Amino acid sequence: MTPEARAADLLTWYDRHRRALPWRAVAGERPDPYRVWASEIMLQQTTVTAVKPYYERFMARFPTVQALAEAPSEEVMQAWAGLGYYSRARNLHACAQAVMENHLGRFPDTEEGLRALPGIGAYTAGAVAAIAFDRPAAAVDGNVERVMTRLFAIADELPGARSLIREKVLALLPHDRPGDFAQALMDLGATICTPRSPACGLCPWREPCQARIAGMQESFPRKAPKKAGVTRYGAAFVLARADGAILLRTRPAKGLLGGMAEVPTSEWRADYELDGAAQDAPLPLSWTQVVEPVRHVFTHFPLELTVFTGSVPERTQAPAGMRFTKLANLAGEPLPSLMLKVVERAGLYSSKTR
DNA sequence: GAGTCGTGGCA
DNA sequence: TTGCCAAGACT
């Protein structure tokens, strides 16, 4: 079977089974590059289910690349709060500004041009070029890696196998409908060629699939085992002022939770000693330890924060570099999920699902 | 190439 | 409950 015929089988399947997604143009209509790009950034390492509500709110709030570029960064971070990987939001904002300043408000329509923008790597450049501009580009994400390693029974471990996978995708690219081909490959991976219990019986590529023929579909792709991180510990201080405000500060722009809001905390270390926690408090006063600590799991380490609560009179001024925010205005702060958990554990706030 | 960087859902 | 991981980029 020729590569063209193989691609045609996938496109036929796609025409029947394509998912309707908020950022996806209806068949036959030209997608908005801004919306395609924004959705691709949000979808990096993030499930469709998690992205949907964020995407809708984000588009309502920042309808155009110009609106996004002109927005204050705190507002962008607030809109992203809870989605994770916050460098994406910082790069997203920087990218919008670069598009306005260097590209007259239009996204570049080539992989190379897109790849040069902040936050756009090999995958996203290919995806936007293909989906938004119908360029014959390979968009190799986790779905595509899974589909291709199975189709060709590629036993090399990831990420080493990426270049080979990319070659395989390029060899299959149809000269018409490359955008649909990219989306079809991802839909196939997301709905049929799933990590566990793939629905091979429904797959348009079940016959040529080398992994399925060997009965080994679930053993692809092969990945090196990742090592577990060491748990870190620390203290978090929830200070309530008599007027119903709590003490917050902004984290440094780069690094973990960069640019996001937090309650004051100690350092987070594997050997943190709770006995001396009072010395790490933002103010010297009578702190009350909450019995059950907040547990949170980051990608590379688990964290256990012991929460301390305290209260101060209404006239109290915030220490340098910190601020008091009314609980009623907490939703306007760029609080990551971890910090929402901390404030909830202190008994001061109850957040609905974001 | 390997480490950093979030979160929530699910088996 | 614990472990795994989802449309990756950057250093």
Side-chain angles (χ1 to χ4, degrees), chain A residues 19 21-24 36-55 77 80-92 94-95 114-128 130-132 137-147 157-163 166 169 179 182-191 193-197 218 221 223-232 251-260 262 268 294-303 334-341 351 353-354:
Chain A
R19 290 176 292 174
L21 298 170
W23 45 85
R24 187 172 274 179
V36 172
W37 161 73
S39 70
E40 290 299 340
I41 302 297
M42 289 187 178
L43 286 161
Q44 289 168 5
Q45 296 291 285
T46 309
T47 60
V48 165
T49 306
V51 166
K52 276 181 179 172
Y54 278 87
Y55 176 81
M77 299 312 287
W80 203 275
L83 250 195
Y85 286 135
Y86 298 101
S87 65
R88 292 184 296 172
R90 299 193 296 273
N91 284 331
L92 180 91
C95 182
L114 290 160
R115 182 70 182 76
L117 290 165
I120 298 185
Y123 161 74
T124 305
V128 174
I131 298 169
V140 182
D141 70 341
N143 287 307
V144 177
E145 288 174 352
R146 190 168 55 253
V147 170
E157 272 188 355
L158 288 172
R162 286 220 175 101
S163 60
R166 181 179 173 78
V169 173
Q183 297 178 88
L185 217 39
M186 288 188 275
D187 273 21
L188 188 69
T191 66
C193 197
T194 50
R196 293 180 300 272
S197 305
E218 287 198 64
K223 296 180 184 179
K226 53 199 77 161
K227 46 201 119 178
V230 177
T231 301
R232 299 180 200 179
R251 292 177 61 88
K254 293 182 181 175
L256 187 66
L257 306 177
M260 301 297 284
E262 67 173 1
W268 307 344
V294 167
R295 296 173 220 284
H296 192 77
V297 182
F298 292 107
T299 306
H300 51 302
F301 68 92
L303 175 66
L335 283 171
S337 294
L338 164 64
M339 290 300 154
L340 232 36
K341 280 191 204 177
S351 75
T353 311
R354 258 195 305 222

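Keep in mind the model is a prediction, meaning the values are calculated, not measured. So you know, we letter chains A, B, ... as the sequences are listed, proteins then strands, and number each from 1. Worth knowing before you read on, the calculation uses all heavy atoms, side chains too, and leaves out hydrogens, waters and symmetry mates.
Counting any heavy atom pair closer than 4.0 Å across all strands shown, A/Ala122 reaches sugar-phosphate atoms only and no base atom. Base engagement by A/Val297 is indicated by at least one non-hydrogen atom pair under 4.0 Å involving a base atom. Within the 4.0 angstrom heavy-atom criterion, base atoms lie near A/Leu21. Residue contacts for A/Arg146: at a heavy-atom cut-off of 4.0 Å it reaches the sugar-phosphate backbone alone, with no base atom in range. Residue A/Val144 is out of contact with every strand shown, counting any heavy-atom pair closer than 4.0 Å. Contacts of A/Trp80 with the nucleic acid, taken as non-hydrogen atoms under 4.0 Å apart, are absent.
The CD-C1' distance, from A/Glu145 to C/dC5, rounds to 13 Å in whole Å. Across the protein-nucleic acid pair, A/Arg90 atom CZ and B/dC5 atom C1' stand 9 Å apart, rounded to whole Å. Atom NE2 of A/His296 is separated from atom P of C/dG3 by 17 Å (rounded to the nearest Å). When rounded to the nearest whole Å, the span between CD of A/Gln44 and C1' of B/dT7 equals 15 Å. Across the protein-nucleic acid pair, A/Leu83 atom CG and C/dA6 atom P stand 17 Å apart, rounded to whole Å. Residue A/Leu257 contributes atom CG, which lies 5 Å from atom P of B/dG6 at whole-angstrom precision. What separates CE of A/Met77 from C1' of B/dG6 is a distance of 12 Å, to the nearest Å. Between the NZ atom of A/Lys223 and the C1' atom of C/dG8 there is a distance of 12 Å, rounded to whole Å.
Scored by the salt bridge (charged side-chain N to carboxylate O under 4.0 Å, His left out) test, A/Glu145 finds A/Arg162 as partners (sequence neighbours excluded).
Contact annotation: A/Thr124 reaches the phosphate of C/dA9 (side-chain N/O to OP1 or OP2, under 4.0 Å). For C/dA6, the OP1/OP2 oxygens have no side-chain nitrogen or oxygen of A/Gln45 closer than 4.0 Å. Under 4.0 angstrom from either OP1 or OP2 of B/dC5 there lies no side-chain N or O belonging to A/Lys254. A sub-4.0 Å separation between OP1 or OP2 of B/dT7 and a side-chain N or O of A/Tyr86 is present.
Each of A/Glu262, A/Met77, A/Arg251, A/Met260 was scored for a side chain to side chain contact (heavy atoms under 4.5 Å, CB included) with A/Pro336, with one residue passing: A/Met260. Each of A/Leu92, A/Leu114, A/Val128 was checked for a side chain to side chain contact (heavy atoms under 4.5 Å, CB included) with A/Ile120, and the lone residue meeting it is A/Leu114.
Nearer to the 5' terminus of DNA chain C, by closest-nucleotide assignment, is the contact made by A/Trp23 (compared with the other of A/Trp23 and A/Asn91).
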Hey, mind stepping through A/Tyr55 and A/Leu21 against side chain to side chain contact (heavy atoms under 4.5 Å, CB included) and telling me if it holds?
CA-CA 11 Å; A/Tyr55 176 81; A/Leu21 298 170; over 6 Å; no
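If you check B/dA11, C/dC10, B/dG8 against the side chain of A/Arg196, the one that comes closest is B/dA11.
Side-chain to base pairing of A/Thr46 with B/dG6: one donor and one acceptor N or O lie within less than 3.5 Å of each other.
Residues A/Tyr123 and A/Gln44 bring no donor and acceptor atom of their side chains to less than 3.5 Å of each other.
A donor-acceptor contact shorter than 3.5 Å links the side chain of A/Arg88 to the backbone of A/Met42.
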Detail all sub-3.5 Å separations between protein N/O atoms and N/O atoms belonging to nucleotides 1-4 of chain B.
| from | atom 1 | to | atom 2 | distance (Å) |
| --- | --- | --- | --- | --- |
| B/dG3 | OP1 | A/Lys227 | NZ | 2.9 |

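In this structure, A/Trp23 and A/Val51 approach most closely via the heavy-atom pair CZ3-CG1, 3.7 Å.
Across B/dG6 and C/dT11, the matching P atoms stand 14 Å from one another, rounded to whole Å.
Using bins of under 30°, 30° to 60° and over 60° for the plane-to-plane angle, the ring pair A/Phe298/A/His296 lands in the perpendicular bin.
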